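Here the structure is laid out as structure tokens; the discussion comes afterwards.
Only a predicted model underlies this, so the values are computations on that prediction, with no experimental measurement involved. Throughout, a chain's letter reflects where its sequence line sits, starting with A, and its residues are numbered from 1.
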2 protein chains.
Amino acid sequence: MGKHSYKYPLPAVTVDIVIFTISRRGELDVLLIERGDAPFKGQYALPGGFVDVGEGYREGATQGESLDAAAARELREETDLDVERDDVFLEQLYTFGTPDRDPRGRVISVVYYALVGMDVAPRVRAGDDAARALWAPVRSTDALDDDSEALQIVLAFDHAQVLRVAAERVRGKIDYDPRIARALLPAEFTMNDFRRVHEIVKGIPQDSSNFSKRFRRMIEDGRVEEVGAVAGMQDRGRPSALYRFPEAS
Amino acid sequence: MGKHSYKYPLPAVTVDIVIFTISRRGELDVLLIERGDAPFKGQYALPGGFVDVGEGYREGATQGESLDAAAARELREETDLDVERDDVFLEQLYTFGTPDRDPRGRVISVVYYALVGMDVAPRVRAGDDAARALWAPVRSTDALDDDSEALQIVLAFDHAQVLRVAAERVRGKIDYDPRIARALLPAEFTMNDFRRVHEIVKGIPQDSSNFSKRFRRMIEDGRVEEVGAVAGMQDRGRPSALYRFPEAS
DNA sequence: AAAATAGTGTCTGTCAGACAATATGTC
DNA sequence: GACATATTGTCTGACAGACACTATTTT
């Protein structure tokens, strides 16, 4: 036993999460946390934390939690949302490990991304460090040289790059993975809600007529079903039917 | 200075690579290494090794190599192939970090996958531990209960699962990412070579006629070009034209 | 000519994009 | 009725799957 003893330096491993939702203003928002300590104190960063590795890299050691579990835990801690209970979409995105991305030493970050419904997103501020959490439009973290009227947020570490990769993944996936739109929508939604989710994620307008055909196919295939009521009061115009995703799917 | 000192246990981080090629027998092959030490001594595993993290997680420490660099280095060490020089496709796949996947302690593996051309694959045995390297059909690592005639290979660690994820990624990507087929093909190839690569990767026959239409579109768009010669001797039948991918693309 | 492989043509169904038309609600 | 929004319909072009057909080589 114990003959194995590893004396080489080891990195720290964190799990960070890019949590997306759709704001009431119709924008793609991401959850940011204001840093309370150096480095980057006072700047905004993606939520994240060290993976519980038990007793670490040692023969016979306890080995702690899985990466998926760490991500789910992080989500719970920051938002009070549970992957199971609240139908949150959570998936591994990419692992970032460039040297010098963290001045405290070599840190490798396994990044996940999550999608939470516009109906449950407000519950986030119930979390631990409510005051430090902020839903910010993804747009506000882009580097736009000209448009000076909009609020600009400069992210800590390499998180601007991380966010860009995450947003691109969601954009590229929404067309063929129905779980994306499903996770972002509330339990009941109109066809227009559905279309607008696609518009917001992809950033380009979707023809409502063509979208309707696509939606009809989904109904025929049983991928969505009518709930048998119409949407509540609107400013004007004909109210739309309400739909939902079937339980088992 | 030095006020920061992290006393918590840390995991080890490795980079493993799933290296695919297409064998002369027309199968999807993966490069395996026979393990020389415990655990799993004598069994086959994916090539991989620890990431150089410099002085590790310590304030002011040197931080070593990037993950991409570690993967490229690993590829060079095991196969004598260079990502730049030899047109090898190399991309991060997924990070595996389940507890107890390695009995030596907590190990988190950032897995990459690589695609090498059928023409350069034979050069692999020039590598360091030539005797320990083996090109094995991916099929031979699947758990098939019935077909007892074929050679079965049981992989070390959770590498059977890793390999499955990698193969699925390639399968799902070959249809929309032209770099996949390009990396697997030699510099000059026939339309049938191209079709067979798709058949081998996807595991289902591709109609040569429909494939031809698709190929013609690629020619019209300049994504492939005729080389102006015909393939060498075959057993019988009409010889086919040779094509290549244009330089800049 | 027969065999074998290379490559083309045709038909059909699905689906996206553009745009016109109709339906149903509020004020 | 005027207006706003919801929903359906039509035309077109791109493309995949199935399958019949033609072309060019070796034996």
How close or far is atom C1' of C:dT8 from atom CD1 of B:Ile219, stated in whole angstroms? 13 Å
With distance as the sole criterion, do the side chain of A:Asp207 and the base of C:dA16 form a donor-acceptor contact below 3.5 Å? no
Under 4.0 angstrom between B:Ser212 side-chain N/O and C:dT8 OP1 or OP2: yes
Provide, to the nearest angstrom, the distance between the CZ atom belonging to B:Arg214 and the P atom belonging to C:dG7. 17 Å
Any N or O donor-acceptor pair linking the side chain of B:Lys213 to the base of C:dG7 at under 3.5 Å? no
Euclidean distance, atom NE2 of residue A:His198 to atom P of C:dA16 [Å, nearest integer]: 11 Å
How long is the line joining CG of A:Asp175 and C1' of C:dG17, in whole Å? 14 Å
Under 3.5 Å, is there an N or O donor on one side and an acceptor on the other linking the side chain of A:Arg238 and the base of C:dA23? yes
Is any NZ, NE, NH1 or NH2 atom of the basic residue among B:Lys202 and B:Asp175 found under 4.0 Å from an Asp or Glu carboxylate oxygen of the other? yes
Would B:Asp82 and B:Arg73 pass as an ion pair if we require N to O under 4.0 Å? no
Output the single nucleotide from C:dG17, C:dA6, C:dT10 whose closest atom is nearest the side chain of B:Ser240. C:dA6
Between B:Asn192 and B:Ser209, name the one whose nearest nucleotide on DNA chain C is closer to the 5' end. B:Asn192
Whether A:Arg179 and A:Glu91 form a salt bridge (side-chain N of Lys/Arg under 4.0 Å from carboxylate O of Asp/Glu) is what I want to check. yes
Whole-Å gap separating C1' (C:dT14) and CG (B:Asn210): 14 Å
Within this structure, what is the CD-to-P distance between A:Glu226 and D:dT7, rounded to whole angstrom? 8 Å
Note: A:Glu199-A:Arg195 ion pair, threshold 4.0 Å (strictly below): yes
d(CZ, B:Arg195; P, D:dA16) in whole Å: 15 Å
Between C1' on C:dG7 and CD on B:Gln206, what's the gap in Å once rounded to a whole number? 17 Å
Is the distance from the ring center of A:Phe194 to that of A:Phe211 below 6.0 Å? yes
A:Arg216 vs D:dA6: side-chain N/O to OP1/OP2 distance below 4.0 Å: no
Would one find a side-chain N or O of A:Arg217 under 4.0 angstrom from OP1 or OP2 of C:dA16? yes
For A:Ser208, answer base if it contacts any base atom (sugar-phosphate contacts may also be present), sugar-phosphate if it contacts only those atoms, and nothing otherwise; contact means non-hydrogen atoms under 4.0 Å. base
